[in-house]
Trainee: 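First, the structure itself, so that you have it in front of you.
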2 protein chains.
Amino acid sequence: MAGTQDKKRANLRDVAKAAEVSVATVSRVLNAPDAVSPKTRERVEAAIRTLRFVPSAAARAINSGRTRFVGALVPTLDNAIFARFLAALEKTLGAHQLSLVVATTETAPGVEATKAKGLIDIGAEGLIVTGVSHSAEFYALIERTMLPTISTSYYDAGNQMPTIGYDNAAAAQIALTHLAELGHRRITVIHGNARSNDRTQARLSGLRALDLGLELSCFETEISLRGGSAVVEDIYADSPRPDAILCLSDVVALGVLFGLQGRGIAVPDDVSLMGIDDLPSSAVAVPALTTVHLPVTRMGERAAEALARWVAHQEVPGSERLPASLVKRDSTAKRVAR
Amino acid sequence: MAGTQDKKRANLRDVAKAAEVSVATVSRVLNAPDAVSPKTRERVEAAIRTLRFVPSAAARAINSGRTRFVGALVPTLDNAIFARFLAALEKTLGAHQLSLVVATTETAPGVEATKAKGLIDIGAEGLIVTGVSHSAEFYALIERTMLPTISTSYYDAGNQMPTIGYDNAAAAQIALTHLAELGHRRITVIHGNARSNDRTQARLSGLRALDLGLELSCFETEISLRGGSAVVEDIYADSPRPDAILCLSDVVALGVLFGLQGRGIAVPDDVSLMGIDDLPSSAVAVPALTTVHLPVTRMGERAAEALARWVAHQEVPGSERLPASLVKRDSTAKRVAR
DNA sequence: CAGGTTGATGTAACTAGTTACATGTGTCAA
DNA sequence: TTGACACATGTAACTAGTTACATCAACCTG
């Protein structure tokens, strides 16, 4: 049965003794089997099997200086956008023989530095973080350890660490412009907490910077289906009613869609609805959600590539801006006089 | 700037030399600061700062024998059910000072053993896997390395490794019984690929084992919103039409709901619809989906607890069965003669 | 003032691998 | 027969920490 050791784990020396060879030979059997004669190799392999020898990752790491894993800090796993990003990260890192340690920050400001410290303590060779605003402790930690760290989900060429992401302000503007072009004037914007979230902040200031003569009103809610569904009541408690609802993330938009359906409000006939993110659910919803596609899979791949090269060859990557684009589907329509 | 080393990383000896103390003293400053006199400590801390010394995780691990992380192998991150499970795992492991390395198996049979090997190679102290059917290579690997490993999502007391999960057959039966009690006779079952998925297999055999005089027909589709949405066409190409549709997972059920909405088929008036999982989206959908609650958050917590105790105190856990329960919502209703 | 205790620090031997270099053997050509 | 070379293997010194034990000074007690 697993977990029940006879004594303690066998090491290289034990194997060498059992096979009556030197430690170097055992090491060679492990790393360069061709350099060992077949009969010696067989003898060593037999000893490895009988002693249930498993090489120590720590001992290997101490010599190579490489632990072969990096860490990712994301706000949550409950939003599919991060799950998709991590899936792409994990896959691409795997191609570079790197594993991924996942840590969630739960949007609480203090925990990011703590979790980052934890990742460094266990030997992460690099870090992927979300956004560009972090605590002073976090920056001090990265500065002190000089750990390769890439910011994602936020493109900002002037940032002190490389950023691989999209222009959040521009993404929000794409959405708002689309709604304006459809003739909508009174637009309700639904967003998550902006204080703890620089992406939300950037999107909101993108909207404010755009002068299209629109009448914007903002509502804050939890970034979740439930949050989107619940905020509908607030929107319609308010008057006048909006021509269109713009959610700064797709989960919320889908929640709003459900909330509207529950009240018998038709999309897009009574109100246009759109999100930002382009989750798989958005394409399948009825009506299919118009949204702004954020290339999170691409972002995961690019961030993984860049970090892999950084930790392996000390090539510090530059920032990279990934394009966001309008995905016109069925939840937005031209405004008709009502 | 991070990543640009002057020479190479300073080590304990370098710090000791710079602070004119012994290596033991530096080690004490790191691990038991109170055992060092304030003025010596300060001198050492100054040296640590100027040399930008960061202790090597590998060297620490080689002594303690602990790497402080475990691995989790899940089929995918794209299904919220696994994302939620991992979130709970990560959180609870964190309370035990353990980090989580995530690897996805993409349901391909060969990759599980390969990824498990990778996790062991980098030093994972334990493993969390999904389901109880694994390749021979995988079992051989676990057997050989004696790595603490817990199976989840599938309760089976007779399994060779501890299982922490629910009774999949019983969960499916809860769903089918509910539909039967509502008077539905012709029931369409939607499931994912059963060959590569023992949970699906168990659920299907649970359904077959239940003799309620029902007329079951099965459709296989991809486990995703898209898969659920797409299969609706197949269901209604077939005649006769079903009284109820039972999806063996909630993502698929939500997809089917969208598919039905797209065809103008009313739930639950024209057809009852239910799923298994109880995702957050199911409670918010319109109509809210009747489903069978699977306690994945609880499962993550229990699995993390058990694995943490196993790796820290060699306490091999027993299997644990978590209860699945019916969540009656609005997508199922009594059958009326049509 | 001897003897015991406490506190701070150092020495060196551990942990478990990798690897540069040395050594020994066998084959082949001159 | 000897030198050259390849191939297999061993020795010991690395990697970077932790820690048992030794040492030494300062203080307190009888």
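Order of the sequence lines fixes the chain letters, A, B, ..., with proteins taken first and strands second; residue numbering starts at 1 for each chain.
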Trainee: From C-beta outward on A:Ile62, which listed nucleotide comes closest to its side chain: D:dA16, D:dA12, C:dG10?
Mentor: D:dA16
Trainee: Quickly work out the A:Arg66 CZ to D:dA16 P distance and round it to whole Å.
Mentor: 16 Å
Trainee: Should B:Glu125 and B:Arg68 be marked as a salt bridge (charged side-chain N to carboxylate O under 4.0 Å, His left out) after you check the CA-CA gap, both sets of side-chain angles, and the distance that decides it?
Mentor: CA-CA 7 Å; B:Glu125 294 190 58; B:Arg68 305 227 69 101; 5.4 Å; no
Trainee: In whole angstrom, give the distance that lies between atom CZ of A:Phe53 and atom C1' of C:dA16.
Mentor: 8 Å
Trainee: Taking 4.0 Å as the cut-off, does a side-chain nitrogen or oxygen of A:Arg60 come that near to OP1 or OP2 on C:dA16?
Mentor: no
Trainee: Do the side chains of B:Tyr139 and B:Gln160 get nearer than 4.5 Å, heavy atoms only?
Mentor: yes
Trainee: If only atom types and distance count, is the side chain of B:Thr163 paired as donor or acceptor with the main-chain N or O of B:Asp156 below 3.5 Å?
Mentor: yes
Trainee: Where each residue is assigned the nucleotide of DNA chain D containing its nearest heavy atom, which of B:Val54 and A:Ser37 is assigned the position nearer the 5′ end?
Mentor: A:Ser37
Trainee: With a 3.5 Å cut-off and no angle check, do the side chains of B:Thr104 and A:Glu90 form a donor-acceptor pair?
Mentor: yes
Trainee: Please report, rounded to the nearest Å, how far the C1' atom of D:dT15 is from the CZ atom of B:Arg9.
Mentor: 12 Å
Trainee: Once you apply a heavy-atom cut-off of 4.0 Å, does A:Ser64 come out as touching a base, just sugar-phosphate, or nothing?
Mentor: nothing
Trainee: Measure the distance from CG on B:Leu12 to P on C:dA13 and round it to the nearest whole Å.
Mentor: 18 Å
Trainee: Are OP1 or OP2 of C:dT19 and a side-chain N or O of A:Ser27 less than 4.0 angstrom apart?
Mentor: no
Trainee: Report yes if a side-chain nitrogen or oxygen of B:Asn31 is closer than 4.0 Å to either non-bridging phosphate oxygen (OP1 or OP2) of D:dT18; otherwise report no.
Mentor: yes
Trainee: Just compare C:dG17, D:dT11, D:dT9 and give me whichever is closest to any side-chain atom of A:Asn11.
Mentor: C:dG17
Trainee: I want to check one thing: is the phosphate of C:dT9, taken as OP1 and OP2, less than 4.0 Å away from some side-chain N or O of B:Arg28?
Mentor: no
Trainee: Toward the 5' end of DNA chain C, which comes first, B:Val36 or A:Ser56, by nearest nucleotide?
Mentor: B:Val36
Trainee: Please tell me if A:Ser22 has a side-chain N or O lying less than 4.0 Å from either OP1 or OP2 of D:dT11.
Mentor: no
Trainee: Nearest whole Å is fine: how far is D:dA8 C1' from A:Arg41 CZ?
Mentor: 12 Å
Trainee: Specify the residue among B:Ala35 and B:Ala24 whose closest nucleotide of DNA chain C lies further upstream toward the 5′ end.
Mentor: B:Ala35
Trainee: So, is B:Thr25 near the phosphate of C:dG10, with a side-chain N or O under 4.0 Å from OP1 or OP2?
Mentor: yes
Trainee: To the nearest Å, how far apart are B:Asp14 CG and D:dT15 C1'?
Mentor: 12 Å
Trainee: Mark yes or no for whether B:Arg302, through its side chain, and B:Arg321, through its backbone, hold a donor-acceptor pair below 3.5 Å.
Mentor: no
Trainee: Just the rounded figure in Å: distance from P of C:dG17 to CD1 of A:Ile48.
Mentor: 10 Å
Trainee: Which nucleotide in the set D:dG17, D:dT9, C:dG17 lies at the smallest distance from any side-chain heavy atom of A:Asn63?
Mentor: C:dG17
Trainee: So that I know where these two stand, are B:Phe69 and A:Phe69 an aromatic pair - ring centroids less than 6.0 Å apart?
Mentor: yes
Trainee: Could you check whether A:Val21 gets within reach of a base, just the sugar-phosphate, or nothing at all, counting any heavy atom under 4.0 Å?
Mentor: sugar-phosphate
Trainee: Please give, in whole Å, the distance from C:dA16 P to A:Leu30 CG?
Mentor: 15 Å
